[in-house]
Amino acid sequence: MKQYKKYIMPYLPYFLLAPILMLVEVVGEVVMPKLLANIINIGIPNGDTAYIVEMGFAMAGMAVLMMLGGVGGAYFSAKAAVSFATALRKDAFQKVQEFSFANLDKFSTGSLVTRLTNDITQLQNIINMGLKLMFRAPGMLIGALIMAVLMNARLAVVIAVVIPLLVIALVLVMKAAFPKFNVMQKKLDRLNSSVQENLTNIRVVKSFVREETEKERFGEANRDLRDSSLDAFKLVIMTMPIMTVAMNVTTLAVVWFGGKQILVGDMEVGDLSAFTTYIVQILMSLMMTAMVILQSSRAVASAKRIGEILNTNVDLNDDHAARKDAVVTNGKVEFKDVCFRYYKDNENDVLHHISFTANPGETIGIIGSTGSGKTSMVQLIPRLYDVDEGEVLVDGINVKDYSLKHLREGVGMVLQKNVLFSGTIIENLKWGDEEASKEQVIAAAEQAQAHGFVSSFTDHYETELGQGGVNVSGGQKQRLCIARALLKKPKILILDDSTSAVDTATERRIREAFNKELKATTKIIIAQRISSVKEADRILVLDEGRIAGEGTHEELFRECEAYREICISQEEKEASAS
């Protein structure tokens, strides 16, 4: 829990003022019953109106102080809790942004959403509650206990019997509840994952008429969360009847034995009234303490889950970068005997001893069957993953020696899964260069063959895109993503099957624009269609993570059997389709 200290220190005054002000309210609650007892014992029997008024004013003044203390304590506890949660959420989100792909593979999207929202809210709530009750509950317990003993030590024996039994019962309840809260948060992860996945892919769900299946899937996750929540909270609910029974039994015992003492003259009526109030205060303070501890058990589970994010070792960073000031200037790419696997304890490599060179300005085509390692290979260039053996060089420098910022600024990459964000088209394109002028944006869109369809929209480049770009077609989305990458003016441009949804005529115009406008840029194009890479300077053929052939289209067709089989297969498909 030491790691959370940094989120407390900037707001330490709030953390100190909240419980101190709550003590003012506690003092009032402890003193009030005694003042009332004085009125009953002295003022009323003696008919002393002045004394009654004096005590009344004292109680009114105490009530005002209690109000100020209570309001102030509640205000500062809320401010401390919200400030703590805001700072923690900011750091947790920033840490997620630093995650490599390998780190992200360890957490589901739903789990990260739950941790950044619900789990942090649990900590916020327990801090808010804890600051208000930190001194209030024990202060009331100790103060009321002292006053009760001073008022009537013999009658206080009742408390000495009840409290240990009550504490034992509450400890048993809390011990059983703690593991159930951890299970409940995991069920919440599953529910959030289901919601996120369904809403992101709602069009696919509807196109396959799978609404009922998704409803049932969500219903199952929802029921699991309900059952685990009830399983946890039914134990929490038990504390209330336990406390109520203890309170009523204790009050009944105090009234019974206190009444007998009044009859024999050993106790006054006002003292019994005050004593009963102190008994209620003692039991209420125990109840408040129990609720804080119960909520703490849930918050501890949440803190552990947030800690897993904060303590994740980011495996891609600049800590060991020897050339942090280096920038990509030419765009030369070299793979030297590279091996790579996603799961480091797995003996099977995804890439096996890959070696090739892409010179500045060259166009390198990469082709191969699904699962042959094409995407995995190009992701090593901007260090989305790190190699396990061998090395990847850019401009003769190992990519591990660059700062991630400088390396990725020199690489423009259009991922296999094209993603756009909520906002206007121009806002999305300016991800490539925030300072780009409207003319530069249009020029990049023209090169990507996107300007035409963007101009057909009513609002042109100010057209609002839905989440994920749902209101544009697949081909339009691909062209916008290409334009966004071009706006970076990268020295290395990687297109990972990013024209698969574009017709061949448009794809040809995109290639022509590349050849004309990006002569100095190294272009690495992954494609399924031979026509997409046929005119490349060189083509790499990948087969089960190995380079099965390298050369021009003509050379590979003549010498590489795997490439020739792909060409013949595609020609046959085109012939049968026509």
Side-chain angles (χ1 to χ4, degrees), residues 17-77 131-160 162-163 166 243-244 246-289:
L17 282 171
I20 290 173
L21 287 171
M22 294 307 299
L23 272 180
V24 175
E25 188 179 34
V26 170
V27 171
E29 288 184 341
V30 172
V31 172
M32 278 285 205
K34 181 60 178 174
L35 296 177
L36 182 60
N38 289 341
I39 292 175
I40 296 173
N41 293 336
I42 300 172
I44 294 176
N46 298 328
D48 191 343
T49 304
Y51 183 81
I52 295 174
V53 171
E54 180 184 345
M55 289 295 102
F57 275 115
M59 292 178 70
M62 189 61 68
V64 172
L65 287 176
M66 288 172 63
M67 180 188 71
L68 294 175
V71 171
Y75 171 77
F76 284 113
S77 61
L131 288 176
K132 286 190 287 188
L133 301 181
M134 181 189 297
F135 290 164
R136 191 175 191 275
M140 187 187 298
L141 173 64
I142 295 170
L145 194 57
I146 291 172
M147 293 297 291
V149 171
L150 290 176
M151 191 168 288
N152 193 318
R154 283 190 301 161
L155 198 55
V157 173
V158 175
I159 306 172
V162 173
I163 289 180
L166 198 55
M243 295 299 299
T244 302
M247 190 180 300
N248 290 334
V249 169
T250 306
T251 303
L252 183 62
V254 167
V255 172
W256 174 265
F257 292 113
K260 286 186 175 182
Q261 289 186 20
I262 290 174
L263 291 175
V264 297
D266 291 341
M267 191 176 191
E268 296 185 80
V269 175
D271 289 345
L272 179 60
S273 173
F275 196 95
T276 304
T277 303
Y278 288 133
I279 293 297
V280 172
Q281 288 181 354
I282 290 168
L283 296 178
M284 285 298 294
S285 65
L286 284 175
M287 182 184 293
M288 288 187 289
T289 303

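None of the values given here were measured: they were computed from a predicted structure.
- Rounded to the nearest 0.5 angstrom, I282 CD1 and M147 CE are separated by 11.0 Å.
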Show your working on side-chain contact (heavy atoms from CB on, under 4.5 Å) between I20 and F76 and close with a plain yes or no.
CA-CA 10 Å; I20 290 173; F76 284 113; over 6 Å; no
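- Between K132 and M22, the closest heavy-atom pair is O-CG, 3.5 Å.
- Between S285 and A137, the shortest heavy-atom contact is CB-O, 3.2 Å.
- Going from atom CD1 of I52 over to atom CE of M59 covers 12.0 Å, rounded to the nearest 0.5 Å.
- Closest heavy-atom contact between P138 and L133: CD-O, 3.4 Å.
- Heavy atoms only, all atoms of each residue included: S77 and A18 are closest at N-CB, 3.5 Å.
- Closest approach of M62 to V31, counting heavy atoms only: CE-CG1, 4.2 Å.
- Note that the CG atom of L68 and the CD atom of E25 stand 10.5 Å from one another [nearest 0.5 Å].
- Contact record, M66 with V24: CG-O, 4.4 Å, taken as the closest heavy-atom pair.
- In this structure, the separation between CG on N38 and OH on Y51 is 3.5 Å, given to the nearest 0.5 Å.
- When each of I39, N46, I40 is tested with I42 by the rule side chain to side chain contact (heavy atoms under 4.5 Å, CB included), just one qualifies, namely N46.
- For the atom pair OG1 of T49 and CD1 of I44, the computed distance is 10.5 Å after rounding to the nearest 0.5 Å.
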